[in-house]
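Read through the structure below, which is laid out as structure tokens, and then see the notes.
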2 protein chains.
Amino acid sequence: MPLITYQTLHPGLSIDCVIFGFYQKEIKVLVLKLKNFEKWSLPGGFVDQTKDVDDEATNILKRRTGLKNVFLRQFHLFGDVKRNSDAHINALFNSKIIDNDSLIWFKQRFVTVGYYALIPFSPSQIFTPDNLSESCEWRSLKDIPEMILDHKEIIDSAHKTLKKELNYQPIGLNLLPEQFTMSELQAVYETILEKPLDRRNFRRKILNFAMLIPTKKQRVGGAYRSPYLYQFDLDKYHLALQNGLSSGW
Amino acid sequence: MPLITYQTLHPGLSIDCVIFGFYQKEIKVLVLKLKNFEKWSLPGGFVDQTKDVDDEATNILKRRTGLKNVFLRQFHLFGDVKRNSDAHINALFNSKIIDNDSLIWFKQRFVTVGYYALIPFSPSQIFTPDNLSESCEWRSLKDIPEMILDHKEIIDSAHKTLKKELNYQPIGLNLLPEQFTMSELQAVYETILEKPLDRRNFRRKILNFAMLIPTKKQRVGGAYRSPYLYQFDLDKYHLALQNGLSSGW
DNA sequence: TATATTTGCGTCTTAATGACACAATAAAAA
DNA sequence: TTTTTATTGTGTCATTAAGACGCAAATATA
């Protein structure tokens, strides 16, 4: 069986997923390393002719990383001619990542649809990468390794989109544990926005959105004064996802 | 020469453009009618293998409608399987819009990239549709004729995107004549948002953005009190396009 | 000359934002 | 045990933006 059954795939179309996590005040991105290959890549793949593109994004992510039930958002189609590179395909061939039969498939010109998602980070999380990949790792957005093709630009574009979305969408539900402190939520915002926010004003504003439920519990054991824990009001959160936070007009 | 030189085209990929205009308090959309075919369609087409997708959007719009120098924004990829329809292709074939040689091309499964743009409306504007099309017309968003495939959904999706963009982007520059009254600008907003705005609050808010230059001229000849004319401050406008209007955080 | 309608330009109240202060807490240092 | 230190909780005050209105000036039409 050939590596890729390209007869059943949608030609010239690929999907790439930018999976964001958050840990210790840093945005993390999930990247894959192919066997025998020095550059890293985003979890991506091709689209079955008989399946919806949006659905395939989920399937591909599952196949490449083992991640299930991830809500992916389509954010851009990358369609420049120069994003393709024969040299890159030849390198993949030389590294025996793609075989002779697949070469004609890979040498097509591809456009790729970018999807992004926010998922909970766990430092001990084990991913189950596909056979082609030697590892699947979280990397800090500030410290992305050398990526194939335009995958670095795809990451940057996803981050830019996320930054924009932050202004009219709630965020944090999938990024933080079920219960979290106000400082942790603020850190998510500050990290994505790449700028500091006033602690007291942040608290006031986020509480005014009425999406947070203050549990009376405190996180104990940490240094200094024990902070209260909050959790999201799921109904309000999803409502805000649909309607946006600040109407504008 | 065959109708479509499909050897040079990117397979399974099309582009559709939603061109918005504004006239007499109505949003207009540019639609095409194919010869011998009852349904209407968006100006769309295919992507040359050797060209950037974004550039091809502009080229396609020019080819299908004659419109030049239109700034198109990519907004979504429509990739559901069911958006394709063999029945539709057969109907095109029966209407002699596509010939036997092109049939294999059209019977592929297609995904389409949606672009939208805002352009000035002129009721007397003459479009120069391509050979396949019998006419190219403005139609009110509220009165879109029966469209092929999912083109109606593409229009709705573009409108939804536009509505969202209105909250953090300036708008009107390409939609109104160089000089316009405050009421005309307000009508643009009200029409896109599909809700009335308070005249006095609108004026205050829009002037606070400091993108408008009040000319001291008035529009004379109309009924009732003559309104002042405004024009956009191009520098401020383009700056606001880049940075957004309300930062949010 | 009166009427109808639009336009320009306000006010008043309430809500949101930005800048900042101080006491309470709890681990760590003295 | 006491003191220190960094963090957390909760405010205030001034400024700006938003929402709800009022009223006189202008101008074609009746």
Side-chain angles (χ1 to χ4, degrees), chain A residues 24-25 166-170 172 176-177 179-191 193 195-231 236 240 243-249, chain B residues 24-25 166-170 172 176-177 179-191 193 195-231 236 240 243-249:
Chain A
Q24 288 179 341
K25 307 212 175 191
L166 212 52
N167 286 324
Y168 54 98
Q169 296 248 305
L176 292 168
Q179 301 201 335
F180 48 87
T181 69
M182 192 58 79
S183 292
E184 286 167 349
L185 183 57
Q186 184 180 340
V188 170
Y189 275 78
E190 289 183 328
T191 309
L193 293 168
K195 71 174 179 188
L197 300 171
D198 182 272
R199 191 170 61 89
R200 295 148 290 187
N201 294 338
F202 175 81
R203 173 192 152 91
R204 180 180 53 193
K205 184 162 176 172
I206 209 89
L207 284 176
N208 271 344
F209 289 152
M211 293 179 331
L212 293 183
I213 301 170
T215 76
K216 295 297 172 197
K217 285 182 282 183
Q218 294 178 292
R219 166 154 308 157
V220 291
Y224 314 123
R225 182 172 180 174
S226 305
Y228 282 109
L229 291 169
Y230 293 85
Q231 58 188 43
K236 300 263 181 64
N243 305 336
L245 289 175
S246 53
S247 57
W249 285 99
Chain B
Q24 289 179 340
K25 308 210 173 188
L166 212 54
N167 286 325
Y168 54 99
Q169 297 247 305
L176 291 168
Q179 301 201 335
F180 49 86
T181 69
M182 192 58 79
S183 293
E184 287 166 348
L185 183 58
Q186 184 181 338
V188 169
Y189 275 78
E190 290 183 328
T191 309
L193 293 168
K195 70 174 179 187
L197 300 171
D198 182 89
R199 191 170 61 88
R200 295 145 292 185
N201 294 339
F202 175 81
R203 173 192 152 90
R204 180 181 54 195
K205 183 161 176 173
I206 209 90
L207 285 176
N208 271 345
F209 290 152
M211 293 180 331
L212 293 184
I213 302 169
T215 75
K216 295 299 172 196
K217 283 182 283 184
Q218 293 178 292
R219 165 152 309 155
V220 290
Y224 315 120
R225 182 171 180 173
S226 306
Y228 283 110
L229 291 168
Y230 294 84
Q231 58 189 43
K236 299 262 182 62
N243 306 335
L245 290 175
S246 52
S247 55
W249 285 100

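Here is how names work: the chains are called A, B, and so on, in the same order as the sequence lines, proteins then strands, and each is numbered from 1.
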Problem - Separation of atom CH2 in A:Trp249 from atom C1' in D:dA18, rounded to whole Å - result: 11 Å

Handout entry: Side chain of B:Asn201 - closest among C:dA26, C:dA4, D:dA20
Key = D:dA20

Exercise for the section: Could you check A:Ile206 against A:Tyr189 for side chain to side chain contact (heavy atoms under 4.5 Å, CB included), going step by step and ending with a plain yes or no? Expected result: CA-CA 11 Å; A:Ile206 209 89; A:Tyr189 275 78; 3.8 Å; yes

Completion exercise
To the nearest angstrom, the CG-C1' distance between B:Asp198 and C:dC9 comes to 13 Å

Handout entry: A:Glu190 side chain to A:Lys195 backbone, donor-acceptor under 3.5 Å
Key = no

Problem - Value in whole Å for how far the P atom of D:dT8 lies from OH of A:Tyr224 - result: 10 Å

Exercise for the section: Starting at OG of B:Ser226, measure out to NZ of B:Lys217 and round the result to the nearest 0.5 Å. Expected result: 14.0 Å

Handout entry: Atom-pair distance (CZ on A:Arg219; C1' on D:dT8), nearest Å
Key = 13 Å

Problem - End-to-end axis angle, where each axis spans five pairs of the helix from C:dT1-D:dA30 to C:dA30-D:dT1, to 10° - result: 0°

Exercise for the section: Could you tell me whether the side chain of B:Asn243 reaches within less than 4.5 Å of the side chain of B:Tyr168, counting heavy atoms only? Expected result: no

Practice task
Scan A:Ser183 against the nucleic acid and name what it touches under 4.0 Å (heavy atoms): base, sugar-phosphate only, or nothing.
Solution key: sugar-phosphate

List, with names and distances, any nitrogen or oxygen atoms from the protein found under 3.5 Å away from nitrogen or oxygen atoms belonging to nucleotides 23-25 of chain D.
{"unit_1": "D:dA25", "atom_1": "N3", "unit_2": "B:Arg225", "atom_2": "NH1", "d": "2.9"}

Practice task
Please state how far atom CZ in A:Phe202 lies from atom P in D:dT8, giving the value in whole angstrom units.
Solution key: 13 Å

Practice task
Kindly state which residues belonging to residues 204-213 of chain B come within less than 4.0 angstrom of DNA chain D, counting heavy atoms of the residue only, listed by number.
Solution key: B:Arg204, B:Lys205

Completion exercise
When rounded to whole Å, the NZ to C1' distance for the pair A:Lys195 and C:dG18 reads 12 Å

Handout entry: B:Ser226 side-chain N/O to D:dT27 phosphate OP1/OP2 under 4.0 Å
Key = yes

Handout entry: Spacing of CE belonging to B:Met182 relative to CZ belonging to B:Arg200, to within rounding of 0.5 Å
Key = 14.0 Å

Problem - CG on B:Leu212 to CG on B:Leu185, rounded to 0.5 Å - result: 6.0 Å

Handout entry: N/O donor-acceptor pair under 3.5 Å between B:Gln218 side chain and B:Tyr228 backbone
Key = no

Exercise for the section: Classify the angle between the aromatic ring planes of A:Phe209 and B:Trp249 as parallel (below 30°), tilted (30 to 60°) or perpendicular (above 60°). Expected result: perpendicular

Problem - Inter-residue atom distance A:Leu245.CG - A:Leu166.CG, 0.5 Å rounding - result: 9.0 Å

Handout entry: Gap between atom CE of A:Met211 and atom OH of A:Tyr230 - 0.5 Å precision
Key = 13.0 Å

Fill in the blank from the handout: Heavy-atom nearest nucleotide on DNA chain C taken for B:Pro227 and for A:Ala223; more 5' hit belongs to B:Pro227

Problem - NZ/NE/NH1/NH2 to OD/OE distance under 4.0 Å, A:Arg219 and A:Glu184 - result: yes

Practice task
For A:Thr181 and A:Pro227, indicate whether the former's side chain and the latter's backbone hold a donor-acceptor pair under 3.5 Å.
Solution key: no

Practice task
Round to a whole Å and report the spacing from CD of A:Gln186 to P of D:dT10.
Solution key: 15 Å

Practice task
Using whole Å, report how far CZ of A:Arg203 lies from C1' of D:dT10.
Solution key: 6 Å

